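Let me begin by presenting the structure, written as structure tokens, before commenting on it.
Numbers here are sequence positions counted from 1. Here the structure is a predicted model, which means the values were calculated and not measured.
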Amino acid sequence: MTTRRPQAPGSGTSIAPAPRTGRGPGARLLDLAITGAAARAAGPGGIRFTERQLYYETCRVLSPAATLLTRIPRTPGPPLRLPTFTRALEARGRETVEGLLPPVPSASPRPAATPDSSEPDVYAYGLPRLLVCQDRSIARMLLSNHVHLEAACPVLAAVDALPLAPRLVAALERAEGATVHVLHDASPEGIELPARIRAALGRVPGIRVASIGLVPRHAAALRLPTGRGPAPAPPHGPWPPALRPQEAAWLARGRFAQVAAVSPPRLVRTVLRLTRGPRPPRNSMWTELRGLRTTGFLTWPAS
């Protein structure tokens with residue numbers, strides 16, 4: 001007895017599945033794109049990055065024209081589906097990507113920068129600045145790249161920081177003019193996060209809550225890949241006054257942009273610049289000559 005092979009509908013010839021001879025050209029191309037994206041994400045300083053950041057960097061490698069037309073504000077859709085990227089990364093092996101951070105567990109303990117009973121003197125003095133991130137993986141990425149040390153600014157995730165610990169609030173109040181910087185996505189939940197933190201602080205004088213982005217116009221200026229979801233529910237309160245009407249309409253359509261879409265080197269530089277504040281001018285020969293002009297050249301100090 002012989003078995004007949006299945007035939008294609010409408011054809012009189014039999015077909016058989018093609019033998020699998022390894023990965024196809026599309027898979028090899030995607031593997032090369034991931035390799036190039038990892039090198040770009042790490043940058044000259046060997047920055048460590050998350051899987052979602054690697055995904056967005058791979059999207060930029062696959063669509064280089066999106067990064068060349070920087071003078072035209074736009075929020076393009078990602079050229080690569082996230083499940084396709086995840087399958088390619090799993091086939092390659094996450095351990096083969098240098099600089100890639102392991103995924104954050106869904107129920108991980110609080111970061112080391114959070115005050116607890118084992119470190120009673122961490123916030124015994126004034127705390128002039130604090131950074132709260134909406135995305136826990138972004139907070140972990142900044143900590144892994146020692147941003148909290150360079151900026152002298154603790155980095156916390158919102159899910160771990162809220163409600164704010166009383167000792168943390170006391171340290172901020174003690175600094176007299178402290179700032180809580182909030183790093184969030186361009187999404188309804190992200191836009192509302194600074195207001196949630198202000199409400200968590202309560203009537204504590206002398207503490208400023210400042211959003212450092214993202215907002216929709218940042219996503220358009222940086223040409224970040226954006227996503228679209230279902231139309232969100234109306235906000236719990238009014239939008240921030242600085243949010244433009246077209247940005248509110250953009251959010252109402254279900255559009256969003258994630259902080260992870262920002263290039264990791266650029267994200268680290270921007271966070272350091274915004275949390276440290278303006279840096280003092282560097283000394284040079286010209287500044288020293290101007291100083292000599294005002295103090296008098298070849299003059300002795302008064303004894």
Side-chain angles (χ1 to χ4, degrees), residues 50 52 101 103-149 151-215 232-243 251 256-260 267 271-272 274-277:
T50 68
R52 187 59 61 91
L101 291 166
V104 178
S106 56
S108 63
R110 287 194 169 192
T114 306
D116 57 20
S117 58
S118 63
E119 298 176 345
D121 297 328
V122 171
Y123 296 113
Y125 305 97
L127 186 64
R129 61 186 69 91
L130 174 70
L131 175 61
V132 178
C133 303
Q134 178 187 2
D135 189 346
R136 178 185 274 170
S137 62
I138 291 295
R140 184 184 181 190
M141 175 261 182
L142 295 175
L143 289 169
S144 300
N145 291 290
H146 310 297
V147 169
H148 60 300
L149 298 178
C153 175
V155 178
L156 304 176
V159 67
D160 302 315
L162 297 176
L164 295 175
R167 294 185 57 212
L168 178 61
V169 176
L172 292 168
E173 186 178 9
R174 201 175 295 119
E176 297 182 358
T179 300
V180 179
H181 301 280
V182 187
L183 180 63
H184 56 80
D185 296 338
S187 64
E189 297 80 5
I191 299 297
E192 292 179 343
L193 182 58
R196 288 177 52 203
I197 294 177
R198 290 190 189 97
L201 284 170
R203 298 180 177 274
V204 180
I207 302 179
R208 185 172 68 99
V209 178
S211 168
I212 60 177
L214 291 170
V215 294
H236 297 289
W239 291 118
L243 196 69
L251 293 169
F256 64 89
Q258 296 178 318
V259 171
L267 177 63
V271 170
L272 285 174
L274 295 176
T275 54
R276 287 190 302 198

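- Every side-chain hydrogen bond (donor to acceptor under 3.5 Å, both in side chains) that Arg52 has, sequence neighbours left out, goes to Gln258.
- Note: His181 NE2 to Cys153 SG = 6.0 Å, rounded to the nearest 0.5 Å.
- With sequence neighbours excluded, no residue forms a side-chain hydrogen bond (donor to acceptor under 3.5 Å, both in side chains) with Asn145.
- To the nearest 0.5 Å, the span separating CG on Leu149 from CG on Leu143 amounts to 8.5 Å.
- When all heavy atoms of Pro154 and Leu130 are compared, the pair lying nearest together is O-CD1, 3.6 Å.
- With sequence neighbours excluded, the residues forming a side-chain contact (heavy atoms from CB on, under 4.5 Å) with Pro194 are Val182, His184, Arg198, Val209, Ser211, listed by chain and number.
- The nearest pair of heavy atoms linking Leu172 to Ile207 is CB-CD1, 3.6 Å.
- Across every non-hydrogen atom of Pro240 and Ile191, the tightest pair is CD-CG2, 3.6 Å.
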| said: Test side chain to side chain contact (heavy atoms under 4.5 Å, CB included) on Ile212 and Leu131; report intermediate values, then the result. | reply: CA-CA 10 Å; Ile212 60 177; Leu131 175 61; 3.9 Å; yes

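- Within the 4.5 Å cutoff, side-chain heavy atoms of Leu183 are placed close to those of Leu142.
- Side chain of Arg129 to main chain of Thr275: a donor-acceptor pair is present (N/O by atom type, distance under 3.5 Å, no hydrogens or angles).
- Note that CD1 of Ile138 and OG1 of Thr50 are 5.0 Å apart. Values are rounded to the nearest 0.5 Å.
- In this structure, Gln134 and Ser187 have side chains that are in contact, with non-hydrogen atoms separated by less than 4.5 Å.
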| message | Determine whether Leu156 and Leu168 satisfy the following criterion, side chain to side chain contact (heavy atoms under 4.5 Å, CB included), listing intermediate values before the conclusion. | response | CA-CA 11 Å; Leu156 304 176; Leu168 178 61; 3.9 Å; yes

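- The side-chain heavy atoms of Leu193 and Leu162, taken from C-beta on, include a pair separated by under 4.5 Å.
- Asp135 is not listed as a side-chain neighbour of Val259, based on a closest heavy-atom distance of 4.5 Å or more.
- Using a 4.5 Å cut-off on side-chain heavy atoms (C-beta onward), Phe256 and Asp185 make no contact.
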